[in-house]
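Each remark here refers to the structure printed beneath this line.
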Amino acid sequence: MLLLGKKIGMTRVFNEEGASVPVTVLQVGPCVVTQVRTPDNDGYAAVQVGWGDAKPRRSTMATIAHDAKAGAGPKRFHREFRVPADKVGEFSLGQELTVAALEGSAYVDVTATSKGKGFQGTMKRHNFKGMFASHGTERKHRSPGSIASHATNRGHSGKLKKGKKMSGHMGAERVTLRSLDVVKLDPAQNLVIVKGPVPGANNGMVMVRPAVRLNRSKAKKVADAAKK
Amino acid sequence: MGATAVAILEGLTKDQLKTDLPRLQIGDTLNVHCRIIEGQKERVQVFQGVLIARSGRGINEMIVVRRIVDNMGVERIFPINSPKIAKIEVLRHADARRAKLYFLRDRAGKSRRLRDKRRGLEVEVKTEPAAN
């Protein structure tokens, strides 16, 4: 299950104890199933969903025709998610997926493209400490320091190790946050309200799915609750 | 899709906004009743002081209340829509000419007082700790 939508913004909600909970509001769906991929036809089982109306004038004929098969206008975004081969029959072309599909999931995973930060140094990009502020340091306060030595740890090549953390482009990458708490679902307005921040700018496209595998702390919470 | 982002956010928090708040003006002397939960018990603590700043809007609205305890300035920031704030009482209005009364932080002694709005009299703003 995967739903597409957009990030509306952040606000706060007071819970029963009166504590302030920071939340992100996502407007998700309704998505249209634009293609069902079956093992017979495509070699694997998956469902393609489309979301966000695009102007026909700005869409290609291919997109228009593709989405018309599902009885929908051209969509801006199309994404696929894999399903087990025996479950693929539960989806049909033109079917509408809404927030209601998330009913019953206490946790969701949210995937989005993070905000681009441009070319950043190692302190911001990799949380390096930088150099001393004083003690004779000159013009090197934010530099990464030594990047290789002694034939790079006796590798005898004397070259940099691959993947060495250095300055470079930061952000604007795909980020998935797992196991976010669902604070509230609002099917009337197609809203999902999750606890905490979500990557990307407001109005950015986000993908929401029921939590696939809970992270350790959330899994423990669920297990503890089940014991009681 | 219909409603704008701001309208959606406001719509979500609308029913959490308090409707019974008094009109708060900068310079007012307030009694802020906070609910405090200690273990199982809940009790109300009153914080009395001068409203020196407010910021944010809607559900994010905050007030800064300053008082003097044992000659030490104490400022608390309250989210006014929080359910933990049981009540806010306005005791006195003062003649404040600016939106943020941060200058009070640098004042000591008599100059710490603000002029009372109603009577045009110099009235001492609470400097002794209130007997709780």
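Quick note on labels: first sequence line is chain A, next is B, and so on, each numbered from 1. This structure is a prediction, so every number in the text was calculated from the model and none was measured.
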Which of A/Asp53, A/Thr63, A/Asp67 passes side-chain hydrogen bond (donor to acceptor under 3.5 Å, both in side chains) with A/Lys75? Answer is A/Asp53
Taking side chain as everything from C-beta outward and backbone as N, CA, C, O, which of these in A/Val13 sits under 4.5 Å from a heavy atom of chain B? Side chain, backbone, both or neither.
both
Checking A/Lys7 against chain B: side chain, backbone, both or neither under 4.5 Å from a heavy atom?
neither
Count the heavy-atom pairs under 4.5 Å between each of B/Ile85, B/Asn60, B/Thr13 and chain A, then report the option with the highest count.
B/Asn60
What pair of heavy atoms forms the shortest contact from A/Val83 to A/Phe91, and how long is it?
CG1-CE1, 3.9 Å
Which distance, rounded to the nearest 0.5 Å, do you find between the CZ of B/Phe103 and the CD1 of B/Ile52?
9.5 Å
Does a sphere of radius 6.0 Å around CZ in A/Arg37 hold more than 12 heavy atoms from other residues, nucleotides or ligands, not counting ones at 6.0 Å or beyond?
yes
Interchain contact, B/Ser82 with chain A, by part (heavy-atom threshold 4.5 Å)
both
